[in-house]
Structures are given as C-alpha cells and as structure tokens.
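Notes follow the structure.
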There are 2 protein chains.
Amino acid sequence: MRRTQAERSGATTAQLLDAARELFGRDGYAATSIDAVAAEAGMTKGAAYHHFPGKAGLFRAVFVVQQERMAAALEAAAAAEPDPRAALRAGCLTFLERCLDPDFRRIVLLDGPSVLGWETVRAIEYAHTLRVLRAGMTVLHEPDGDGDLTARCQLAFGALCEAGMMLARSDDPARALPVVAAEAERLLGLGR
Amino acid sequence: MRRTQAERSGATTAQLLDAARELFGRDGYAATSIDAVAAEAGMTKGAAYHHFPGKAGLFRAVFVVQQERMAAALEAAAAAEPDPRAALRAGCLTFLERCLDPDFRRIVLLDGPSVLGWETVRAIEYAHTLRVLRAGMTVLHEPDGDGDLTARCQLAFGALCEAGMMLARSDDPARALPVVAAEAERLLGLGR
DNA sequence: CCAGGTTACATACCTTTGGTATGGAAGTGA
DNA sequence: TCACTTCCATACCAAAGGTATGTAACCTGG
C-alpha cells in the first residue's frame, strides 16, 4: 500500500500527539517517558524525535492543541449570545466546564507553566484563550476608565484558572459550578 | 571540636535548604540535580537523602520555608495598619513585592503546583499565605451576603499570583506596581 | 522505469540522574 | 569504655532524555 509522505507524517504526528496528550494528562509531564508515548502510539522513540524537537517540544505541541480547542469552544459559546455580558458569562461557564477535563487541567494549568515557562505559556494563550477573553472584556470596558485592560484580563484569567482547579477538586462539581461561577463573574465585573 | 547531633543535623539541613532554594529558584526543579544541591551545600548526596525523603521532599521543604516567610511578611504588613481595608491593601502590596523575588516565583508559583500537586500546594498555602489572606478578607465580608468566602479568597489568590507574575515580567516593575496593584485591589473589592 | 537523493522511522548507544545499599566516622548513653 | 544510634560518603543500579547510525519507504529528474 502506497501512501504519500504527507499522509505518513500526518498520521504519525497525530498518533503521537494523541498518545502524548493521554499520558501527559494522566501521569504528568515528569512521570511520562518518550518511550512510553511512542509505545502508546505504536512506534518507537525515533519517530517522536524525528517529528518533534524533544520532550518539551512534544509537550508544547500538545499544549497548543488544548489551547486551540479551548478557544474554539469559547468562541462558539460567545457567538451563541448576542448580548456582550451574556456572551462573557457563557464564556466563563464554558471555561469552567472544560476545566473538569483532567487532561486539560494537568497539561495547561499545572505542568504548562513549569515545563514551558510562564512567558511562553502566556504568549501561546494570548493567541488563543486569552485572546477570546480579551475580546469579550473589551466590549464592557469604557476607555475613559483609569484601569488597564491588559492587566484586568490577565488577573481575571488567573482567577478563572484557580476557579477551574477549585471546581474540579470539589466533591460534586455539578453542584459547585454555580457558586464558583458566581464568584468568577463577580470578579469579572458582571456581578449583580 | 565536639558538636551535638542536633547542631550537626540543623546546620546540614539549613545548608541544604539554602542551596536547594538557590538552585531550584535559579534553574528550576527539573534542571536541578540532587548532586548539584549537595555540592553547593558542601557535601554529597548521602546527606540530602538522609535528611529528606527524596528530591520532591527537599523541594517541599523549600516550598514551606517560602510560605512561612511570605506569611510572616503579610502579617507584619497587616499589623501595621489599624484599618482592615488598609491592612488588606498593604498585604496586597507586600505580596506583589515579594513576587519580584525570582526564587519565590519559580519555586512557589511555577514549579510548586507541578511538582507537589495542586492540592498539596493549596493545603500548605492554607496554613500560611492563604490563611492570612482569608483573615484579611473575613473582616470585610458581610455574612448575610450570598457569596462564598472560601471561593472568593481562592479566586482572589489566583488573581494575585497572576498579578505577581505579570508584574515581574514588566520592563519596569517599580512603575508597573501601582497599576497592577490597583487592578488587584479592584478585584478584591477594595476599588474606588 | 530507474537511479540518486530525501524523508521517515528503528535500533544501538551514551550520559545524566534519582534512588539505594553499604561502609565508616561522629556522637550518645550505660 | 563499649555497644548503639545518628550522620554522611562512596559505590552501585536502573530509568530516561538525547544522539548516531542504519534501513526502508517515498520522491524526482532523466
């Protein structure tokens, strides 16, 4: 059976990314070996090192995929709401719900900053999740105010991440979601 | 020269903790080897493994020291202000200023959650930094309100950590401090 | 169609490093 | 003084990140 190079490469990288997401998400970055990821994907280390610049590079690729999925989910949720405030509220809910995914929490919230560095992580997020959040908050921000929108977005984002971790830790996330979401919306200036 | 066992142990652990803080803070957890820490402290691995249960255990001890120092600084800052709101404000400033220490940022904000796990980190912080923050916010919290104080503290803490990272990343932290602090105080309900 | 070159991946190997086992030196208590 | 414990160094093991090399699959110009 004759496949083109692009097909081979694409299939291999996709399998590696999927296996890496599963193992990085379940066991964490440090406890996951390249050999294990390659074995899970049905190949050996050589393939991984051929397509990615190293363990951290593979992790970074997985991280970016998570960011893309989050940004898409946020934009979809916001697009369904015509009112800016309602759209921002819906985005909050969507973010918190996606924090219930253990893979997302481990890869994006826990290991990401440590492995990739804070600046790298925020740079990637500014192209995805933080970009959508900023767009939602820009509408509600009156430019004559004294506050700094960038700082406000970033602090709100930190609070949201903490809310996501807190929510996932609770005994009954479904029941805890409203109260956590209420506090998050309050911090975003959506209160009352 | 005859030293008691407690003196030997205490001096050794103190040297190890100091060397570990320096290397963990400068190079990060993953890039720091136990051999390097022991060499920096003027001894070998054996000493480290005798006094600490492993690399993560040593890191945890360093983390706790950082937390103790932060909590002490916060309490000192708050005690100097009779007004509860002013005390909380002063605590914010103190927290942000201590975030300018690269060792603190790397150990507590970046590597801590990844190495120790989120729940362990927050449990330690609830005995130190978060305890002081909660005490400060309890005074301003009217119990008849609908909000959840625990969630509010935690989200505010997440925002503060983000503010600290953002502040340290800025070109001129001294100049950026007021604007970041203003946004942080706004999130804490101290605005206006 | 086919030969040279490139891409994709496997295998073998090196090095670092976390952790353990063992041995000896320093301190302690009777 | 003599057993016993604590403290720390040294020697060793196994796992894992990374590299070098070999080989098979694809591509391209003639």
Side-chain angles (χ1 to χ4, degrees), chain A residues 1-63 107 111-112 114-117, chain B residues 1-24 26-63 107 111-112 114-117 120:
Chain A
M1 145 195 186
R2 201 165 165 85
R3 289 190 306 172
T4 181
Q5 292 279 58
E7 285 171 351
R8 276 181 60 180
S9 256
T12 299
T13 55
Q15 284 175 313
L16 281 171
L17 281 176
D18 202 58
R21 176 196 51 77
E22 181 178 337
L23 296 189
F24 283 150
R26 194 187 60 198
D27 305 328
Y29 179 80
T32 299
S33 70
I34 297 284
D35 290 284
V37 171
E40 176 76 23
M43 55 198 82
T44 66
K45 266 200 320 195
Y49 278 98
H50 181 72
H51 290 286
F52 298 95
K55 191 184 179 184
L58 175 58
F59 180 85
R60 184 196 166 104
V62 173
F63 184 93
I107 293 168
D111 286 342
S114 177
V115 174
L116 302 175
Chain B
M1 147 192 183
R2 199 165 165 89
R3 289 190 306 173
T4 181
Q5 293 277 58
E7 287 172 350
R8 274 181 57 180
S9 256
T12 300
T13 56
Q15 284 174 313
L16 280 171
L17 282 176
D18 202 58
R21 178 198 49 78
E22 180 178 337
L23 296 189
F24 283 150
R26 193 186 60 197
D27 304 330
Y29 179 80
T32 300
S33 70
I34 297 284
D35 291 285
V37 171
E40 176 75 23
M43 55 198 81
T44 67
K45 267 204 311 198
Y49 277 97
H50 181 72
H51 291 285
F52 298 95
K55 190 185 180 184
L58 175 58
F59 180 83
R60 184 195 166 102
V62 173
F63 184 94
I107 293 167
D111 287 341
S114 177
V115 173
L116 303 175
T120 301

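Each chain gets a letter, A, B and so on, in the order its sequence line appears, and its residues count up from 1.
- How far CG of A:Asp111 is from CZ of A:Phe24: 9.0 Å, rounded to the nearest 0.5 Å.
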Exercise for review: Heavy atoms under 4.0 Å is the rule here; annotate nucleotides 13-24 of chain D 5' to 3' with B where the base is hit, S where only the sugar-phosphate is, and - elsewhere.
Suggested key: ---SBBB-----
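- In this structure, OH on A:Tyr49 lies 12.0 Å from CG on A:Leu16, to the nearest 0.5 angstrom.
- In this structure, the side chains of A:Asp35 and A:Thr44 stay at 4.5 Å or more apart for every pair of heavy atoms.
- Remark: A:Arg26 CZ to A:Thr32 OG1 distance equals 7.5 Å, nearest 0.5 Å.
- For B:His50 and D:dC7, the shortest distance from a side-chain N or O to OP1 or OP2 is below 4.0 Å.
- Contact check, B:His51 against D:dC7: no side-chain N or O comes under 4.0 Å of OP1 or OP2.
- The C1' atoms of five pairs define one axis at each end of the helix from C:dC1-D:dG30 to C:dA30-D:dT1, and these two axes lie 10° apart (to 10°).
- Looking only at distances, a side-chain donor or acceptor of B:Ser33 sits under 3.5 Å from a matching main-chain atom of B:Ala36.
- Residues from residues 9-18 of chain A lying near DNA chain D, meaning a heavy-atom separation below 4.0 Å, are absent.
- Listed for the B:Ser114 side chain is no donor-acceptor partner under 3.5 Å among the backbone atoms of A:Ser114.
- When all heavy atoms are compared, the tightest approach of B:Arg3 to B:Ala11 is NH1-CB, 4.2 Å.
- When atom types are taken as modelled, the side chain of B:Tyr29 and the backbone of B:Ala56 share a donor-acceptor pair closer than 3.5 angstrom.
- Listed pair B:Thr44 / D:dT10 fails the phosphate criterion, with no side-chain N or O lying under 4.0 Å from OP1 or OP2.
- Atom C1' of nucleotide C:dA26 and atom CE of B:Met43 are separated by 15 Å, given to the nearest angstrom.
- Within a 6.0 Å radius of CZ in A:Arg21, other residues, nucleotides and ligands contribute more than 12 heavy atoms.
- Considering only heavy atoms from C-beta on, B:Phe63 comes within 4.5 Å of B:Leu116 through its side chain.
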